[in-house]
2 protein chains.
Amino acid sequence: MALGRPREFDPDEALDSAMELFWRQGYEGTSLADLTEAMGIAKPSLYAVFGNKEDLFRKALDRYAAQHADATYGALNEPTSRRAVERLLLGLAGVDAAEDMPKGCLMVQGALVCSAAGERIRQELCLRRAENEAALCRRMAEWRDAGDLPPSADPADLARYVMSVGNGIAVQAASGASKEELRRVVEMTMRTWPPV
Amino acid sequence: MALGRPREFDPDEALDSAMELFWRQGYEGTSLADLTEAMGIAKPSLYAVFGNKEDLFRKALDRYAAQHADATYGALNEPTSRRAVERLLLGLAGVDAAEDMPKGCLMVQGALVCSAAGERIRQELCLRRAENEAALCRRMAEWRDAGDLPPSADPADLARYVMSVGNGIAVQAASGASKEELRRVVEMTMRTWPPV
DNA sequence: GGACTATTTTACCGATAGGTATAAAAGTTA
DNA sequence: TAACTTTTATACCTATCGGTAAAATAGTCC
């Protein structure tokens, strides 16, 4: 096995570097020259292992989800909406304002708007955000049906409200807000949960 | 007066076109070719009247503020925090999801992240968002001192919380949320105001 | 009508964008 | 050692980026 010349770089490490760069500068704000320099490889190696720029971004997005976002969305497993929403928002605040990582959320600032060339990536991010909101919406319905939320509560409205706060936290983080400041935003949101 | 060949385009109309394009595609996502096509003028005319791309964006930002944002922030003149915050958030929702305009907020999505070349514009937007939050913070202190908010209320925390919801609404709008959906986010936020 | 002035059009600039062809290099297998 | 396979580095491709020089054009003033 292991035919041919062995690869000189670790694809996972290189993907981490690409992810951090996309996170910090966005999809269209990151050039292939930026990427190859940060990843420590040349363009042909990048294309051989990761495909084109769009493929690489999708792989970086998957890695972002696995390493940073998924644990936060594990909050949906909490038995009560209060504990879940608090854990979710605190998790987002922690990821968005971590000391050693880019500020903000890759799923928000990776391609919030873009040129025509980046439209497919923008829609991909829109879809992922919508999926997260839909998952939260389904859980809201379960909590309501279990009596954890009032029968009059609208699951879609509650999910959209929580994700609005979460996305707002992402913008505040990208603007330089500290983790402690964001924690206080979460605290104020939770002080009045549920808002019905 | 009026020496020389008369200008064939209306600078205000051209600036409106540029503003809408920056609003829809962001600072770096909008090329000079995009701009000149939408504005209906050639590059030398653009440079003569508006300066370079960065100058043009700043002028578009000023026009955005004058035509769309300033009226919303007039909500700060309301005598009570409840009326002000509700008017502010409803105003943002209305601007961010207006039918005939790009979705979202230029001050958020104009340059939330960018390449090194756009860093000055990103900081300019950060500064403007911070100024808006600071203005809201000052009003919160006044409302608190006037007895409209509890003495324990922290103006900075309240302002950051409101702007988080506002920025979250901007992201939701850019993701396709309708004005009615955003209106319900505001309603839930106001149902528990103040969150102290 | 001619001089003057500002705007238009056209063509162009160097730098960089994403992407690839080619061939040298570094291993494994026989 | 020779054949084979994969990755490497180098050089290059076309298109587009932001920005500008030069000349043609369309008005006003005398």
Residues of residues 37-49 of chain A with a heavy atom under 4.0 Å from any atom of DNA chain D, listed by number, are Pro44(A), Ser45(A)
Taking side chain as C-beta onward, heavy atoms only, is Pro150(B) less than 4.5 Å from Arg144(B)?
no
Rounded to whole Å, please give me the gap between OH in Tyr27(B) and P in dC17(D).
14 Å
When rounded to whole Å, the CG to P distance for the pair Asn52(B) and dT20(D) reads 8 Å
Between Arg129(A) and Glu133(A), is there a salt bridge with N-O shorter than 4.0 Å?
no
Pairs in or reaching into residues 78-91 of chain A: which pass salt bridge (charged side-chain N to carboxylate O under 4.0 Å, His left out), with residues at least two apart or in two chains?
Glu78(A)-Arg83(A), Glu78(A)-Arg87(A)
Hey, which sits more toward the 5' end of DNA chain C by its nearest nucleotide, Gly4(B) or Phe9(B)?
Gly4(B)
Consider the side chain of Leu32(A), meaning its heavy atoms from C-beta on, and name the nucleotide among dG18(C), dG19(D), dG27(D) that approaches it most closely.
dG18(C)
Rounded to the nearest 0.5 Å, the CG atom of Asp96(B) sits from the CD atom of Gln172(B) at a distance of 11.0 Å
Spacing between Leu35(B) atom CG and dG18(D) atom P, to the nearest angstrom:
8 Å
In whole angstroms, the gap separating P of dA26(D) from CG of Leu3(B) amounts to 18 Å
Just how far, in rounded Å, is P of dT7(D) from CG of Asp10(A)?
14 Å
Report all side-chain donor-acceptor pairs from residues 36-44 of chain B shorter than 3.5 Å, counting only partners two or more places apart or in another chain.
unit_1	atom_1	unit_2	atom_2	d
Thr36(B)	OG1	Leu32(B)	O	3.0
Thr36(B)	OG1	Ala33(B)	O	3.1

Test side chain to side chain donor-acceptor pair (under 3.5 Å) applied to Glu180(A) - qualifying residues, sequence neighbours left out
Arg183(A), Arg184(A)
Whole Å only: how far is the CD1 atom of Ile121(A) from the C1' atom of dG18(C)?
14 Å
Residues Val95(B) and Trp23(B): closest non-hydrogen pair is O-CZ2, 3.9 Å
Got a list of side-chain donor-acceptor pairs under 3.5 Å for residues 56-64 of chain B, not counting sequence neighbours?
unit_1	atom_1	unit_2	atom_2	d
Arg58(B)	NE	Glu124(B)	OE1	3.3
Arg58(B)	NH1	Glu54(B)	OE2	2.8
Arg58(B)	NH2	Glu124(B)	OE1	3.3
Asp62(B)	OD1	Arg128(B)	NH1	3.2
Asp62(B)	OD1	Arg128(B)	NH2	2.9
Arg63(B)	NE	Asp16(B)	OD1	2.5
Arg63(B)	NH2	Asp16(B)	OD1	3.4
Arg63(B)	NH2	Asp16(B)	OD2	3.2
Tyr64(B)	OH	Leu106(B)	N	3.4

Reckon Thr30(A) touches a base, only the sugar-phosphate, or nothing at all at heavy-atom distances under 4.0 Å?
sugar-phosphate
Check: Gln25(B) and Val113(A) side chains under 4.5 Å, non-hydrogen atoms:
no
Rounded to the nearest angstrom, tell me the gap between atom CZ in Arg7(A) and atom P in dT8(D).
7 Å
N/O to N/O distances under 3.5 Å, protein versus nucleotides 14-16 of chain D:
none

For Phe50(A) and dG18(C), give me the distance from atom CZ to atom C1', rounded to whole Å.
17 Å
Assign each of Arg5(B) and Arg5(A) to its nearest nucleotide of DNA chain D by heavy atoms, then name whichever residue's nucleotide is nearer the 5' end.
Arg5(A)
